[in-house]
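The block underneath contains the structure these notes are about, expressed in structure tokens.
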Amino acid sequence: MSVRWLNLETVVQRLLKQHEALKSYFESEEESDQDRLARLKKRFSDPMTEVYLLFYQAILPVFTSINCINLMLQRTALMIYLVRGFLFSLVRNTMGKFSRPELLTVSDEELVQIDFSNSENLLEVNKLFIGFTTKQVLNRLAADTVEQRQIKKLYAGIRDFYLLKDFPLGHEVLYHASFYNFELRMEADISSIEFFIKRVAKLVLKIPHSNADAERVFSIIGKNKVKSKSDLALEGTISSLTTCKVNQFFDEPCYQFEPSTEMLDKAKKATLLYNKAHQ
């Protein structure tokens, strides 16, 4: 589904409300050469489409309601120090739906080390949370039109959804950013301050003290890229001339430069090739 995350829950709810009407509409349409219409007709003709939508309807509120995460992270103010706490709250609220019960009581440090891709840390497939309504509809379809392979595919996809692969719980930047939180200033660790100072210092040292070099290059290009030399290719001759001018004659004036015999031979060959190519 190509939908922005903030709108996904609303879109799913609207699709479910209009599911029967949309299904009837697309099934009544004749075969079409349009790929998009053909895909929609295939999806709405598949009874499992409603099951997937019902699962999203059941699980998406977990991601959108915790401490108003979506709204908090849309602020223009500095919020990076809250991200780690939000992630831990989100993971803990989600874990009960797919992980073994004894893992719910672990500390934050232990939670970071849990490998959710390990099946030993997960519930059995048929015990994963999919939502009460989703379960009812799936049971009805299983007794009528849906094959077991489709049900297995559904649960495999739900398990992959729950793996939390992209959650950077142990990211060092998020860990050390907590010292920005004014409410936790008494618990701030000097190592977190040093972590950011070192990185800021490196960034500052990388900033050029002057833009003279860039201006010099613009000037060289401006003198060569003129109307009287309109045939000079930007990716070819202009680039080569600029490279030569930037990298030569810094140690001695150009009028004192004496090219070697080897360099002159290469220049003559290059000139011959250039003239042949532009005849």
Side-chain angles (χ1 to χ4, degrees), residues 1-27 36-71 73 86-104 111 114-169:
M1 219 183 297
S2 181
V3 179
R4 291 182 181 272
W5 172 254
L6 296 176
N7 298 325
L8 187 56
E9 184 180 5
T10 304
V11 170
V12 169
Q13 291 175 350
R14 186 170 297 177
L15 279 173
L16 284 170
K17 287 181 180 179
Q18 302 175 355
H19 183 265
E20 291 301 321
L22 290 169
K23 179 180 178 181
S24 176
Y25 170 78
F26 285 110
E27 287 182 343
R36 187 176 183 182
L37 183 60
R39 287 199 308 270
L40 287 170
K41 183 173 182 177
K42 180 180 178 181
R43 294 298 182 191
F44 279 100
S45 299
D46 185 356
M48 289 299 291
T49 297
E50 183 181 10
V51 178
Y52 281 102
L53 290 173
L54 287 170
F55 167 71
Y56 279 123
Q57 184 186 47
I59 196 62
L60 285 176
V62 176
F63 294 87
T64 57
S65 62
I66 298 177
N67 298 328
C68 300
I69 292 178
N70 280 333
L71 296 178
L73 296 182
F86 284 154
L87 288 177
F88 276 100
S89 297
L90 182 57
V91 171
R92 290 190 182 280
N93 278 272
T94 311
M95 284 175 64
K97 304 180 185 302
F98 69 93
S99 67
R100 297 200 335 263
E102 57 266 30
L103 296 179
L104 299 177
L111 181 58
I114 295 177
D115 181 11
F116 289 112
S117 63
N118 187 348
S119 58
E120 295 181 359
N121 294 324
L122 306 177
L123 295 172
E124 296 177 14
V125 172
N126 58 349
K127 293 182 180 179
L128 295 174
F129 172 82
I130 64 173
F132 180 72
T133 307
T134 312
K135 191 75 172 179
Q136 283 187 316
V137 173
L138 185 60
N139 290 338
R140 174 172 56 80
L141 293 175
D144 186 14
T145 57
V146 174
E147 299 177 4
Q148 284 298 314
R149 63 176 181 82
Q150 292 176 286
I151 297 177
K152 289 181 178 179
K153 182 180 178 181
L154 168 71
Y155 277 107
I158 291 174
R159 170 171 278 189
D160 289 341
F161 177 87
Y162 280 134
L163 288 184
L164 308 179
K165 296 178 181 177
D166 300 323
F167 278 38
L169 296 178

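Values below: every heavy atom of this structure, side chains too, minus hydrogens, waters and symmetry copies.
The aromatic ring centres of F44 and Y25 sit 6.0 Å or more apart.
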- Query: side chain to side chain contact (heavy atoms under 4.5 Å, CB included) between L122 and Y162: does it pass, once the steps are laid out?
  - Reply: CA-CA 10 Å; L122 306 177; Y162 280 134; over 6 Å; no
- Item | From CA spacing to verdict: side chain to side chain contact (heavy atoms under 4.5 Å, CB included), R159, V125 | CA-CA 7 Å; R159 170 171 278 189; V125 172; 3.7 Å; yes
- Message: What verdict does the ring-ring contact (aromatic ring centres under 6.0 Å, His included) test give for F98 and F116, after you've listed the backbone C-alpha separation in whole Å, the side-chain angles of each residue and the deciding distance to 0.1 Å?
- Response: CA-CA 9 Å; F98 69 93; F116 289 112; 5.4 Å; yes
- Do L138 and M48 pass the side chain to side chain contact (heavy atoms under 4.5 Å, CB included) test, and can you show the C-alpha distance, the side-chain angles, and the key distance before you say yes or no? CA-CA 8 Å; L138 185 60; M48 289 299 291; 4.2 Å; yes
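Panel note: side chain T134, backbone L54; a donor-acceptor pair is recorded below 3.5 Å. Within the 3.5 Å criterion, the main-chain N or O of R43 finds a donor-acceptor partner in the side chain of T49. The main-chain N or O of K135 is found under 3.5 Å from a side-chain atom of N139 such that the two form a donor-acceptor pair.
Annotation: side chain of P61 is in contact with side chain of E9 (closest heavy-atom distance under 4.5 Å). The shortest distance between side-chain heavy atoms of M95 and L111 falls below 4.5 Å. Using a 4.5 Å heavy-atom cutoff, the side chains of L15 and H19 are not in contact. Within the 4.5 Å cutoff, side-chain heavy atoms of F55 are placed close to those of I59. Residues P101 and L123 have side chains in contact (heavy-atom distance under 4.5 Å, counting atoms from C-beta outward). Counting heavy atoms from C-beta on, the side chains of S99 and N121 never come closer than 4.5 Å.
In this structure, CZ in R100 is found 10.0 Å from OG in S119, a value given to the nearest 0.5 Å. The CG atom of L154 sits 13.0 Å away from atom NZ of K152, with the distance rounded to the nearest 0.5 Å. Between L141 atom CG and I151 atom CD1 the span is 8.0 Å, to the nearest 0.5 Å. Atom CG of L22 and atom NZ of K41 lie 14.5 Å apart (nearest 0.5 Å). The CG atom of L16 lies 7.0 Å from the CD atom of E50; values are rounded to the nearest 0.5 Å. Taking CG from L169 and CD1 from I114, the interatomic distance works out to 9.5 Å, rounded to the nearest 0.5 Å.
The two residues L104 and G96 have their closest heavy-atom pair at CD2-N, 3.7 Å. Across all their heavy atoms, D46 and Q150 have their closest contact at OD1-NE2, 3.9 Å. When all heavy atoms of G131 and A58 are compared, the closest pair comes out as CA-CB, 3.8 Å.
Counting heavy atoms of neighbouring residues, nucleotides and ligands inside a 6.0 Å radius, atom CD of Q148 does not exceed 12 of them.
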